[in-house]
Amino acid sequence: MAKFKAIRGTRDVLPEEWPYWDHIERAIRKVTALYGYRKIATPILEETGLYVRGVGQGTDIVDKEMYTFEDRGGRSLSLRPEFTAGIMRAYLENGLHVQPKPVKLYSVGPIFRYERPEAGRYRQHTQFNVEAIGEQDPALDFEVIALALHLFREIGLTGTRLQINSTGCPRCRPQYVSQLTEYYSTRLDVVCSDCRRRFERNPLRLLDCKVPQCQPVIAEAPNIRAHLCSECRQHFETLLSYLDAASVPYEVNPRLVRGLDYYTKTVFEVWVQGIGSQNAICGGGRYDGLIEELGGPPTPGIGFGSGIERLVLTLQEQNVPVASPSAPAVFLAHLGEEAKRVALEMVQAFRAEGIPALVSFGERSLKAQLRDANRVGARVVVVIGEEELRDGRFQLKWLDRGEQTSVPREQVILSVKQELRGVALD
RNA sequence: GUGAGCGUAGCUCAACGGUAGAGCACCAGGCUGUGGCCCUGGGGGUUGUGGGUUCGAAUCCCAUCGCUCACCCCA
C-alpha cells in the first residue's frame, strides 16, 4: 500500500475521465462566447475577511466550512469557498466598473469547503462560475439563467429542472422573516429540533426542512412571494414572464433558500437526478447589495456556480457520449541498436509532419512491440530491423487490415501520409 | 458535526479461528522477426494502522485512520 494518499475529500482526475472534462470545457468556451462573457481568474487564496464580509457571518460556509489559516506573515487567509466575493474584489480593485455594463465575467477553478464527503460532494471541487455586474434589469436574470440551461443542453444533459424563487431585498425580507418567526413561534413544540435551532439562527432555512413532521407547518407558512415589496414583486414577475415568453420551463419553489447572505431578489438552482442524494448542478442568484458591502459603490449583480464534478457524474450516469482523443496513428518497432537509432530519428520526422507517432522503448521482442502497438490503437507499425536496414526497405504493417507492405526507407513517411489521408489529424 | 456499512494483489472479489486465493490486468514463453484469439508459466500482499484475546487472527475485541452511504448543507 502506498504511503501517501490523496487527502480526504480530494480526488485525482485520471486520463479516462478527461474526455468528459474536455467535453464540458469546450461547451463552456462556446456558450460563454455566445453570451458575451470574458474569462477572469482570481487567486485561490484571499483574505479571510473578504468572505466573512461578503458571504456573511452565520452562514455555514463561513462558520464551519472554510479552510482558514494564518500565513507566515500573520495574515488570516482562506482557500476560496465560492467565487463571487473574489470576483467582486477584483472588479473593484481593477476598476472594471469603467467597462460597458453589464460586465460579464466567467471563471473555472477549484473551490474548497470543509464538508463531509459523499457521492458528488468533495472538499475540493471545480466550479464554472458566471457573474454579470452592474445591471438590475430582470432581463439580465433571464439571460444568466438561459446561459446555464444552454450549457447543460450543449453538453447533452437531459432531465434538468430549473428551480426559482425570490428572497426579497433588505426592505421586504426582514418583514417577511418576522412574519415567519411569528408564525413559527406558536408551533415550535411540533417542529423538529433542527428547526428550533433554525428559528433562532436562520429562520429562512425553516422552509427548507425535510423532516416529515415539519412539512404541514411549512405548507401553512406565509409564502414569501406574497410578501415581497412592489419592486421585488415586479422584478420577479417580470423575470417569470420573460421565461414564459421564451418557453423556458421552471418551477417556482417558495422553499428555495440559499446559504449565502448576499442574495437578493432572484435565487435559482438547476436540479438533476443521478448524483446520489445531491441534485443541484447549478446554484446562483442576484446580489444587489454585495459590492456595496465590500466597500464599493452600490452596484447590482447576478451570477451562478456550477460544479464540474457533478456534471461529469451526470454525463456518465446518462451515458452521454463524449469525444475521445484520437489514438496515435503510427508505431515504430525496432530490433537492434542501429534500428533503434533510426526509429528515434524517424518518429521525430513523423511528428514534425503533424502525424502522431510513438516509438517502442527498451529492447523487446517484435511480438511484444506489436502487442503494444495494437493496444495503443495505432493504425500502422513501421518495422525496422537488420533486414530492413540492409535492404533499405522498411515493412509497414497495417493493423486493422493485417496487410504488410515493403516501402523504400525514404518513402515511408510519404507513403503513410497518403494512406492516412482523410483521417483527421489534429 | 451526527448515524450506519465497509477496509484482503493495480482492479473486482473469495477465504470468516487452522499454510492468503481466483478472475481481470501486467510480464514472458508457445511462435529464436509479426498484434488481436488461444494455451502454459511468472512477478506481485507485513489482509489500512496500532494494540488485545488465543497454541494459532484476514477472521474475534478495542482504538485509530480511511472509504462509502445517509443527515446537515450545498455545486
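Hydrogens, waters and symmetry mates play no part in the numbers below; they use all other heavy atoms, side chains included. Labels below follow one simple rule: chain letters A, B, ... track the order of the sequence lines, proteins then strands, and each chain is numbered from 1.
Protein atom CD1 of Ile281(A) is 21 Å distant from nucleotide atom P of rC73(B), rounded to whole Å. Atoms CZ (Arg116(A)) and P (rA75(B)) sit 20 Å apart, rounded to a whole Å. Between Arg255(A) atom CZ and rC73(B) atom P the separation is 12 Å, expressed in whole Å. Between the C1' atom of rA75(B) and the CG atom of Leu157(A) lies a distance of 14 Å, rounded to the nearest Å. In this structure, the CZ atom of Arg121(A) is 12 Å from the C1' atom of rG1(B), given to the nearest Å. Computed from coordinates, the Glu16(A) CD to rG10(B) C1' distance equals 12 Å when rounded to whole Å. Rounded to an integer number of Å, the gap from CD1 of Ile61(A) to C1' of rA75(B) is 10 Å.
Between Arg8(A) and rC65(B), a side-chain N or O to OP1/OP2 separation shorter than 4.0 Å is absent. Within the structure, a side-chain polar atom (N or O) of Lys367(A) is placed less than 4.0 Å from OP1 or OP2 of rG35(B).
Residue-level contact check: Asn129(A) touches neither bases nor backbone, having no heavy atom under 4.0 Å from any strand. Within the nucleic acid shown, Glu388(A) comes within 4.0 Å of at least one base atom, counting heavy atoms only. Arg11(A) comes within contact range of no nucleotide atom at all, as no heavy-atom separation falls under 4.0 Å. Among the atoms of the strands shown, only primed sugar atoms or phosphate atoms (P, OP1, OP2) are found under 4.0 Å from some heavy atom of Ala119(A). Among the protein residues, Glu309(A) comes within range of no part of the nucleic acid, since none of its heavy atoms lies under 4.0 Å from any strand. Across all strands, Glu387(A) comes closer than 4.0 Å to base atoms (heavy-atom distances). Using a 4.0 Å heavy-atom distance criterion, Gly9(A) is classed as a sugar-phosphate-only contact. In this structure, Gln404(A) reaches the bases: a heavy-atom distance under 4.0 Å links it to at least one base atom across the strands shown. If you check every strand for non-hydrogen atoms under 4.0 Å, Glu115(A) touches a base. Contact annotation for Val383(A): base contact, defined as any heavy-atom pair under 4.0 Å involving a base atom. Nucleic acid contact for Tyr122(A): base, since at least one base atom lies under 4.0 Å from a heavy atom of the residue.
Going from the P atom of rU19(B) to that of rU59(B) covers 14 Å, rounded to whole Å. Taking atom P on both nucleotides, rC55(B) is separated from rG44(B) by 34 Å, rounded to a whole Å. Taking atom C1' in both rU34(B) and rA22(B), one finds a spacing of 33 Å when rounded to whole Å. For the C1' atom pair drawn from rG43(B) and rG48(B), the interatomic distance equals 24 Å after rounding to whole Å. When the P atom is compared between rC60(B) and rG45(B), the two are found 25 Å apart, to the nearest whole Å. With C1' as the reference atom, rC67(B) and rU12(B) are 16 Å apart, rounded to whole Å. To the nearest whole angstrom, the two C1' atoms, one in rA25(B) and one in rA9(B), are 11 Å apart. For the P atoms, the distance from rU40(B) to rG23(B) is 10 Å, rounded to whole Å.
Side-chain atoms of Glu118(A) stay outside donor-acceptor range of the base of rC67(B), with no qualifying N/O pair under 3.5 Å. Within 3.5 Å, no donor on the side chain of Gln369(A) pairs with an acceptor on the base of rU34(B), nor the reverse.
Not a single donor-acceptor pair under 3.5 Å links the side chain of Thr266(A) to the backbone N or O of Arg286(A). Side chain of Thr264(A) to backbone of Asp288(A): a donor-acceptor contact under 3.5 angstrom is found.
Under the 3.5 Å distance criterion, with hydrogens and angles disregarded, no donor-acceptor pair is assigned to the side chains of Glu25(A) and Trp21(A). With hydrogens and angles left out, the side-chain atoms of Glu292(A) and Thr299(A) include no donor and acceptor closer than 3.5 Å.
Not less than 6.0 angstrom separates the ring centroid of His125(A) from the ring centroid of Phe112(A).
Counting only heavy atoms from C-beta on, Arg371(A) has its side chain closest to rG35(B) among rU68(B), rC73(B), rG35(B). Among the nucleotides rC67(B), rG36(B), rA28(B), the one closest to the side chain of Asn374(A) is rG36(B). Side-chain proximity of Asp372(A) to the nucleotides rA75(B), rC73(B), rC27(B) is greatest for rC27(B).
In this structure, Arg38(A) places its CZ atom where only 12 or fewer heavy-atom neighbours from other residues, nucleotides or ligands lie under 6.0 Å away. Counting heavy-atom neighbours within 6.0 Å of Tyr114(A) OH, excluding the residue itself, gives a total of 12 or less. Other residues, nucleotides and ligands contribute more than 12 heavy atoms inside 6.0 Å of the CD atom of Glu337(A).
When each of Leu399(A) and Arg113(A) is assigned the nucleotide of RNA chain B with its nearest heavy atom, Leu399(A) is the one assigned upstream, toward the 5' end.
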